[in-house]
Amino acid sequence: MRVVFIGAPGSGKGTQAKLLQERLGLTYIGTGDILREAARNGTPLGQLVAPILAAGQLVPDELVNEVVAERLRRPDRPKHFVMDGYPRTAAQAAAFDKLLKEAGLDLQAVINFEIDEEMVVRRLVGRTGRGREDDCEETVRRRIKVFRDTSKELIRYYKRRGLLRDVPAADTIENLYQRIVKILQP
Ligand code: ADP
């Protein structure tokens, strides 16, 4: 099973992606986690992306594409995975398609987490102090704006390919999980 999650910051897609990993055994690939770890470790990539993460902007497509390609070109690449936060732009989606084709893999579904913007601001600002530096209100609003500006074209891209499945994301974790599993295992 190979699935992509699309959703605003705070839509709960990371939580659901980790549940799919725990319960269905899919490999979790979260570009946000990968980039934050690189920044923490001060690798060359990390030094490049640290200020971009802090500002709530998108890391350039070529860099993120390379991060993902590196994972999926390895001989021990995962066959079953859930992508959390990638692709985030239509250009990334096109690059990802090319990569999957080379690897002889295809996507089963792209889950689109639909949620009200004000709700995600409340959720994310609420978690400040419990972790992520980019969760202050100003940066949260920037990340949501970036999502608003880039997701339309991304969603159109996957809709055209017949892969897009919308889920109402303002629900409990368990309800949302059941809904997603029903889509993936009808
Ligand atoms: P959120 O969805 O809450 O913004 P993520 O952990 O997915 O959290 O992403 C955190 C940050 O990592 C983003 O604000 C962005 O700077 C960077 N990032 C993650 N994935 C991508 C991507 N596919 N393209 C560009 N930047 C990305």
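Remember, it's 1-based here, ligands and their atoms both numbered in the order they're listed. Small disclaimer: the values here were computed from a predicted structure and weren't measured.
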> Quick test of your reading of the model: are R141 and E137 salt-bridged, counting only N-O distances below 4.0 Å?
yes
> Would you mind running through ligand 1 and noting each atom that sits below 4.0 Å from a heavy atom of Q92?
22 (C), 23 (N), 24 (N), 25 (C)
> Any idea which protein heavy atom is nearest atom 22 (C) of ligand 1, and the distance to it?
R88 CD, 3.5 Å
> State the atoms of ligand 1, each with its element, that fall below the 4.0 Å cut-off from a heavy-atom position in K13.
2 (O)
> Using a 6.0 Å cut-off, check whether atom CD of E138 has over 12 heavy atoms from anything other than its own residue.
no
> May I ask you to say whether E114 pairs ionically with R179, meaning some side-chain N is under 4.0 Å from a carboxylate O?
no
> Which residue and non-hydrogen atom of the protein lie closest to atom 14 (O) of ligand 1, and at what distance in Å?
R143 CG, 3.8 Å
> So is there a nitrogen or oxygen of G85 less than 3.5 Å from a nitrogen or oxygen in ligand 1?
yes
> For atom 26 (N) of ligand 1, which protein heavy atom lies nearest, and how many Å away is it?
V59 N, 3.1 Å
> Quick test of your reading of the model: are E22 and K18 salt-bridged, counting only N-O distances below 4.0 Å?
no
> When you measure from atom 8 (O) of ligand 1 to every protein heavy atom, which one gives the shortest distance, and what is it?
R132 NH2, 3.2 Å
> Just do the salt bridge (charged side-chain N to carboxylate O under 4.0 Å, His left out) check on R23 and E174 with the steps written out, would you?
CA-CA 12 Å; R23 297 183 185 174; E174 275 311 317; 2.7 Å; yes
> Are any of the side-chain nitrogens in D97 or K101 under 4.0 Å away from the carboxylate oxygens of its partner?
no
> Less than 6.0 angstrom separating the ring centers of F96 and Y86, yes or no?
yes
> To check your reading of the model: name the closest protein heavy atom to atom 10 (C) of ligand 1, its residue, and the distance in Å.
R36 NH1, 3.5 Å
> Can you confirm whether L100 is buried at CG, in the sense that more than 12 heavy atoms of other residues, nucleotides or ligands lie under 6.0 Å from that atom?
yes
> May I ask you to identify the nearest protein heavy atom to atom 18 (N) of ligand 1, giving residue, atom name and distance to one decimal place in Å?
L35 CD1, 3.5 Å
> Provide the number and element of each atom of ligand 1 under 4.0 Å from a heavy atom of T31.
19 (C), 20 (N), 21 (C), 23 (N)
> Among all protein non-hydrogen atoms, which one is nearest to atom 11 (C) of ligand 1, and what is the separation to 0.1 Å?
L53 CD2, 3.7 Å
> At under 4.0 Å between heavy atoms, is it the side chain or the backbone of L58 that contacts ligand 1, or both, or neither?
both
> Applying side-chain hydrogen bond (donor to acceptor under 3.5 Å, both in side chains), which residue pairs with at least one partner in residues 1-11 are found, sequence neighbours left out?
R2-D106
> Can you report which non-hydrogen protein atom sits closest to atom 16 (O) of ligand 1, along with the distance?
Q57 O, 2.5 Å
